Each structure stands twice: as C-alpha cells, then as structure tokens.
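Below is one structure, written out as structure tokens; the observations come after it.
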There are 2 protein chains.
Amino acid sequence: MVQLMAGNRLEPGRSTASRLLSVLDVFSIKAEELSLVEIADRAAMPVATTYRLLGELTKWGALERLPNRRYRVGLRLWEVGSLAPRQRDLREVSRPFMQDLYEATHENVQVGVPEGNEVLIVEMVSGRSAVPTVTRVGGRLPLHATAVGKVTLAFSDPDLLARTLQQGLPKLAPRTLTMPRMLIQAVEQARQNHFAFAVEEMTRGASSVASPVLARDGTLIAAIALVVRASADLGRLAPAVRTSALALSRELQRTR
Amino acid sequence: MVQLMAGNRLEPGRSTASRLLSVLDVFSIKAEELSLVEIADRAAMPVATTYRLLGELTKWGALERLPNRRYRVGLRLWEVGSLAPRQRDLREVSRPFMQDLYEATHENVQVGVPEGNEVLIVEMVSGRSAVPTVTRVGGRLPLHATAVGKVTLAFSDPDLLARTLQQGLPKLAPRTLTMPRMLIQAVEQARQNHFAFAVEEMTRGASSVASPVLARDGTLIAAIALVVRASADLGRLAPAVRTSALALSRELQRTR
DNA sequence: ACGCCGATTGCCACTGAGCGGAAACCTGTT
DNA sequence: AACAGGTTTCCGCTCAGTGGCAATCGGCGT
C-alpha cells in the first residue's frame, strides 16, 4: 500500500458542494453527453469521487443516465432552471415583440442578457429562410465581436468594458475588432445611436444589428438583435430593431 | 450548553449533496423568491447549515441574491438546465408546428413530456385572444385531469396508469374524473382515437384536446394540446391537433 | 429617535460523511 | 479467449461539515 494524503484528500479545502457543482460545469453545448471518466477528467476529480456525486445528481434528476451509461443534463434541472425570474419574465414579455420583428424581416431575432463577461442568449426566433446561426437559446456570445455585446457594453457599468479590454480581444473572424481603440469607438457610437452593428466580426458571412432594452432608470436589462447574412443592408434594418427595443423597454417598464 | 447529537448532526445519513439539492427543491412557481429562514424551514434544515449551502449555490450562480436579501433561481442554473437534450431538441423541432397550430386556431398550444407522475410543459404558444391559463413553461400538469395527461397515460407503460390510480384522483374542478373506472375508459378511448379531451376537469371554464407525439417504435415522446374556453367546439379542433401531432412525430422520427 | 423582534452572520468543538487508491467486475473488440 | 477501457464496489482514515449559540444587523411601529 502506498502513502495516502492527509485525510485521504487530494485537494483539501475544496468543499463537497463545490465539487458537486463543478460536475454540472463540465456540461456544455459541445459536451452534452459524457461518460464517467470524461466527467472526472474535466472536473479534475478522482473517478470514485465523481462516481458517487454522479449517483446523487442522477437520483435527484439533475442528470439522466443513458443506456450507453453516459450522462446528460436531466429534465428536473431544466425545470428548476426555468424558474429563474431574470430570464422567465423577459422571455415571456419579449416573445410577441420578437415575433413581430421576425414577421417584418424574416431574419433571426435574438434577445440576450449580460452574464459574466458574455451575453447569454435567452430567447430566439428564426425561420427557414434566415441564415443558420450556431447560437442556441442558453448559448453565450462574446461582448467584443457581436452587436448585442457592443450594445451591452455601451449601457452597462464602464468597468465591464475595461475588463473586456483587459482580457484581450480574440480574433474570431476576419473582421473582428481586435484593437482596443476600435472597440471603444464602436461602443461610444452605440451609446449615442442606441444601436450597434457587427459585420462579419464573429462569423464569416453573418452580420448583426442590436439595440438596448432599458429599465426606467436607464440601466440595461437586455439587448435585442437581428442576425442576417453579411450581404443584407444593415442600415435599413436598424430602425426596425430600434423600434422593437423601445417597445419592449416600454412594456417591461410598465409591468415593474 | 444543551446536549448535542452524535457528530453534531440532526439527521445522520443525509448526505451533503442531497442537502444541497434539497435547497433547490424548495423553489417553485409559487415560491420563486425566498428568505433564508423560509428556505431552511422548507428544506427542514438548521439555519446555519442552510446559510452555508446558500452561500455556495450563490457563488456558483445557481441562485441570485436580491437587495432585499432574498434568494431566487439564477441565470447560471437556467443556462445549464437549458442543455437538457430531452427538452431542447423537442422544443426546437416543435416550435414551428406549434406556431402553425396557433395560427390556425388562435388558441393556447402546449407541448408536454412525461416526468414522474405528471406532465412537464416544455413549450407554449399563446396569444392575447386565447384563454389565460395558469400553466407556464416549466410547469406541471396532473395525468388524470388533463388531455395531455390522458394521452400520456394511453401511450406509456401501463403501470403509469396503475400508479396514478393508486395514489388517488384528487378533485381539481367540478368535472374532474375521480372514479378509476371513468379514467380507465377515457384512457382506453384515447388509445383508440389517438386523441383525448378534458372538459373543465382541471380548471372551471377551460377545456383541452391533446394528441400523442410518438417515436418510430410507438413509444410516447410528448403530447401536444390545445387549451380553449369551455364553450369551444372540441370535436372540431381535434383533427387539427391530431394533424400537428402526426407532422411533429414524423419530423422527429426523421432526425433520429 | 428609540427600542423591539425577527433575520442574518460568525464562531467553534465534535465526529461520521466523504475521500480516493485499489481491486473486482463488466462490456465490447480483436 | 485474452485484452483493454471503462464502471462499480470496498474500506480505513481523517478533516470538512454540522448546528447550537450568541453577537449583530435592519426594518418597523410608536
């Protein structure tokens, strides 16, 4: 028998709760179905420990076990998550406005809220004729390379912009703004115009226009955007997005 | 100082993981914003313990802390939950079909999947003109008093019906089927017709028609329903629901 | 302003719940 | 039938989690 760690713990100080939650962290849009070892690896925990925690999570319904012994996120977790008021209220109120915007343009409509250093997409309306996007409801978009992101930066606490610049502006597509000066200027413009563009900055062939959804006190609640093929005339679409954003803002201000 | 339990635990044998998850359990549609003591009470745990767990959950983002010191479900939990493939795929595929059904009838359209002894509503389309329903996305409906429920019972493992009968048929509205015989008969009819009705069995003034969404092997994936005011002509609406259910089934069978 | 009461936060002694290495046990593959 | 890769069970050791208590905070009524 080899030497054991003190208390038999590889990482003393890490709480059981945080271990449990870090199991949930390993699931993502690119990894929605994982095996025991895959989860253990990604969560940086021994298999035995991971196995026990997975058992608890599965029993509760946070995860589901597939016949091929893999794990995926379960319905019970979705159910509890769908109670999150921040997304639920916004989503319910915005749906009709998004629908109208879709009818008028037949392009992809997205609504996102700031979450950490990204924008979390909370609702989407898209049809067959619109450009296919990689984005999904529940997915995240970067702040510096999207229209929703620029609008968010323009109407949030200034140090969100500072943090974004500090952690660098990764080049995601040929036309991504990678120079701080350029982004600062774009954000400044967004603040003045109440809308922002992003032309092939995130994905080649796709562009977007966004406008802010604001609370009574002027703070940003969300951003609404149209994602279109790069050849589309963004200038012509901007007023429609702006109008929807205003209507949505007014409706949200009415209810609270 | 008073006597302490062995190990200072009130409830030895209850794991930390299960305690953490039972904190999430206390949140519901009727209790989406709770204070520390309320949570401790409902989860049957001491305040000190609850406080620590709430701290971990908040740090991770599963819960959010409001200025009034209350807790509610956070965006991070919604984000992870939205990865649940069972609801995500179904929801994405069904949306256009639901939209069509809505356009044709201008009534509330619901899609639900079986989860435990209830139906979990996964997606909804409703307009201003339709009857206001209490049901929300993420909400649950009883198996015995709704059209979606009866359809689910008709096309699921027979012992789901047995379990439903065993735990009693609570009277939810004047016309709820409370006699086992009646429910069995209704389920039998649903199996033959491929649709079911519920006339003011759940809520006075509201009725519904539902039809099953089936996998290639005949097992039930979901149920799609129209919820209408009680005065509406259900018989006239049934074929539309049936048609949507078939179209949706076919589309789902195509993709997998 | 003041005092009251419930809610929140911090503290700390005690021990069983959680940890993880290792071995047994499956499951599909050559 | 042997093997490889993953999954499940086992078990001894100990520190992380527990929860009673008390100090502190804060909202509300007087």
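Remember, it's a predicted structure, so these values are computed and weren't measured experimentally. Lettering follows sequence order; numbering is per chain, from 1. Atom set for the values below is all heavy atoms of this structure, side chains included, hydrogens, waters and symmetry mates excluded.
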Could you tell me which residues satisfy side-chain hydrogen bond (donor to acceptor under 3.5 Å, both in side chains) with A:Glu118, sequence neighbours excluded, listed by chain and number?
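For A:Glu118 the side-chain hydrogen bond (donor to acceptor under 3.5 Å, both in side chains) partners, ignoring immediate neighbours, are A:Arg140.
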Please classify the nucleic acid contact of [X] as base, sugar-phosphate, or nothing, using heavy-atom distances under 4.0 Å.
| X | answer |
| --- | --- |
| A:Arg19 | sugar-phosphate |
| B:Arg65 | sugar-phosphate |
| B:Thr16 | sugar-phosphate |
| B:Ser15 | sugar-phosphate |

What is the distance, rounded to the nearest whole Å, between atom [atom1] of [X] and atom [atom2] of [N]?
| X | N | atom1 | atom2 | value |
| --- | --- | --- | --- | --- |
| A:Ile39 | D:dT7 | CD1 | C1' | 12 Å |
| A:Leu53 | C:dG18 | CG | P | 9 Å |
| A:Leu66 | D:dG6 | CG | C1' | 16 Å |
| B:Glu56 | D:dG17 | CD | P | 7 Å |

Closest to side chain of [X], choosing from [options]:
| X | options | answer |
| --- | --- | --- |
| A:Tyr71 | D:dG19, D:dT8, C:dG18 | D:dT8 |
| B:Pro12 | D:dT8, C:dA17, C:dT9 | C:dA17 |
| B:Tyr51 | C:dG21, C:dT9, D:dT18 | C:dT9 |
| A:Val37 | D:dT7, C:dG20, C:dT9 | D:dT7 |
| B:Arg9 | C:dC19, D:dT9, D:dG17 | D:dG17 |

What pair of heavy atoms forms the shortest contact from [X] to [Y], and how long is it?
| X | Y | answer |
| --- | --- | --- |
| B:Glu38 | B:Leu34 | OE1-CA, 3.3 Å |
| A:Ile221 | A:Leu214 | CD1-C, 3.9 Å |
| B:Val148 | B:Thr152 | O-OG1, 2.7 Å |

Criterion side-chain hydrogen bond (donor to acceptor under 3.5 Å, both in side chains) on B:Ser18 and A:Glu56, from CA distance to verdict
CA-CA 7 Å; B:Ser18 73; A:Glu56 300 256 19; 4.9 Å; no
Can you tell if the side chain of A:Phe155 reaches within under 4.5 Å of the side chain of A:His194, non-hydrogen atoms only?
yes
B:Trp78 ring centre to A:Arg86 NZ or CZ under 6.0 Å, with the angle to the axis within 45°?
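Cation-pi check for A:Arg86 and B:Trp78: fails.
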Identify, between B:Pro46 and A:Glu38, the residue whose nearest nucleotide on DNA chain D lies closer to the 5' end.
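Going by which nucleotide is closer to the 5' end, it is A:Glu38.
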Polar side-chain atom of A:Arg91 near backbone of A:Val122 as donor-acceptor pair, under 3.5 Å:
yes
Passes side-chain hydrogen bond (donor to acceptor under 3.5 Å, both in side chains), A:Arg52 versus B:Ser15? Steps please.
CA-CA 11 Å; A:Arg52 209 165 357 88; B:Ser15 71; over 6 Å; no
Can you build the contact string for nucleotides 22-27 of chain D? Use B for base contact, S for sugar-phosphate-only contact, and - for no protein heavy atom under 4.0 Å.
------
For the helix from C:dA1-D:dT30 to C:dT30-D:dA1, what is the angle between the axes at its two ends, each from 5 pairs, rounded to 10°?
50°
